[in-house]
> 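Right, I'll just put the structure down here and ask away after.
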Number of protein chains: 2
Amino acid sequence: MSTFGEHVRELREQRRAGDAGFSVRQLAARVGVEPSYLSKIERGQQPPPSEKTILSMAAELGEDPDVLLALAGKVSGELQAVILKRPKLFAELIRQLKDLPDHAVLRIAREVRDGEW
Amino acid sequence: MSTFGEHVRELREQRRAGDAGFSVRQLAARVGVEPSYLSKIERGQQPPPSEKTILSMAAELGEDPDVLLALAGKVSGELQAVILKRPKLFAELIRQLKDLPDHAVLRIAREVRDGEW
DNA sequence: TGGTATGTGTAGTATACACTACACGCATGA
DNA sequence: TCATGCGTGTAGTGTATACTACACATACCA
């Protein structure tokens with residue numbers, strides 16, 4: 001697995017191949033940070049930025065916010081809020097799901113979505 | 001719902017009714033913080049302490065760690081680690097479960113535990 | 001060859017986090 | 001009365017977080 005910075009750099013360079021607006025400077029401007037800061041993040045000289053900044057990056061780069069947050073070692077505040085409302089319930093469930101294979105977890109998500117509960 | 005501090009104070013005073021070892025000073029000593037710090041936390045003059053300290057408090061007070069952490073607005077690092085390993089999967093699932101009633105979430109946890117997956 | 005854009009280096013800053021150290025006044029019991 | 005324990009007030013500390021500001025060298029291109 002790549003680091004947060006490496007992954008961002010990769011995404012940005014992919015976008016840049018077809019769109020010159022994805023230079024460090026221009027992306028930084030749209031994301032709302034200084035270019036040197038973004039540069040350092042991409043090269044791992046700075047730790048990943050705040051959740052707010054990561055979400056802005058994800059939107060600009062067309063990446064899944066949860067994935068980018070995860071590379072930064074963060075769980076989104078939105079998800080945390082869901083857990084915090086019913087901590088016992090969700091704590092127990094998540095621990096149960098910890099070692100379940102992907103397809104099983106996915107199946108539960110689908111069944112819930114399809115209203116079988 | 002009570003705040004973190006109020007809840008801790010309540011728990012401590014309950015324990016104290018039958019065990020003099022639950023003074024602010026003695027509990028603080030066992031938890032590993034200064035008495036004045038614990039006192040301030042209980043009265044809401046300080047924000048909740050670190051996860052480590054909260055877990056120590058939960059153990060001493062016989063409270064569910066996830067519940068105490070939740071009152072502090074924190075999700076345990078252990079749970080976060082589970083989510084961070086498969087962010088897409090868990091993010092999707094948790095969002096699906098957001099508005100599900102307690103009994104339904106509980107039923108899923110039980111069925112997973114009982115090996116029906 | 002002068003203007004513009006690029007990535008990056010150095011230095012500094014404001015704020016929050018997570019506490020400690022010590023002192024004070026009150027109560028109790030020997 | 002005085003040692004012990006109690007809760008709490010004031011002040012200060014070290015570290016991390018999340019950045020900004022500005023300067024520099026390089027490359028393109030008109």
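Here is how names work: the chains are called A, B, and so on, in the same order as the sequence lines, proteins then strands, and each is numbered from 1.
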> Separation of B:I41 atom CD1 from D:dG9 atom P, in whole Å?
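Distance check: B:I41 CD1 to D:dG9 P gives 14 Å.
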> Within the 4.0 Å heavy-atom criterion, would you say A:Q46 contacts the bases, only the backbone, or no part of the nucleic acid?
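The residue A:Q46 makes base contact.
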> Starting at CG of A:L27 and ending at C1' of C:dT6, how long is that distance when rounded to a whole Å?
14 Å
> Base, sugar-phosphate or nothing for A:P35? Non-hydrogen atoms, less than 4.0 Å.
base
> Should the side chain of A:S23 and the base of C:dA5 be counted as holding a donor-acceptor pair, with the cut-off at 3.5 Å?
no
> Nearest-Å distance, CZ (B:R25) to P (C:dC24)?
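To the nearest whole Å, that distance equals 14 Å.
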> Is the phosphate of C:dT6, meaning OP1 or OP2, less than 4.0 Å from a side-chain N or O of A:R12?
no
> Examine C:dC19: is either OP1 or OP2 under 4.0 Å from a nitrogen or oxygen in the side chain of B:Y37? Give yes or no.
yes
> Across the strands shown, which category fits B:S50 at heavy-atom distances under 4.0 angstrom: base, sugar-phosphate, nothing?
sugar-phosphate
> Does B:R16 put a side-chain nitrogen or oxygen below 4.0 Å from OP1 or OP2 of D:dC6?
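The answer is no; no side-chain N or O of B:R16 sits under 4.0 Å from OP1 or OP2.
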> Can you check the A:E13 CD to C:dG7 C1' distance for me, whole Å?
11 Å
> Going only through I, L, V, M, F, W and Y residues with side-chain contacts under 4.5 Å, is there a path from A:V82 to B:L84?
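Shared cluster, yes.
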> Phosphate oxygens OP1/OP2 of D:dG9: is one of them under 4.0 Å from a side-chain N or O of B:Q45?
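B:Q45 to D:dG9 OP1/OP2: side-chain N or O found under 4.0 Å.
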> Would you kindly check whether a donor in the side chain of A:S36 faces an acceptor in the base of D:dA21, or vice versa, at under 3.5 angstrom?
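Yes, a donor-acceptor pair under 3.5 Å.
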> Please report the distance, rounded to the nearest Å, between NZ in A:K40 and C1' in D:dT17.
14 Å
> Please determine if a side-chain N or O atom of A:R43 lies less than 4.0 Å away from the OP1 or OP2 oxygen of C:dT8.
yes
> Taking CD from A:E51 and C1' from C:dA16, how many angstroms apart are they, rounded to a whole number?
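To the nearest whole Å, that distance equals 17 Å.
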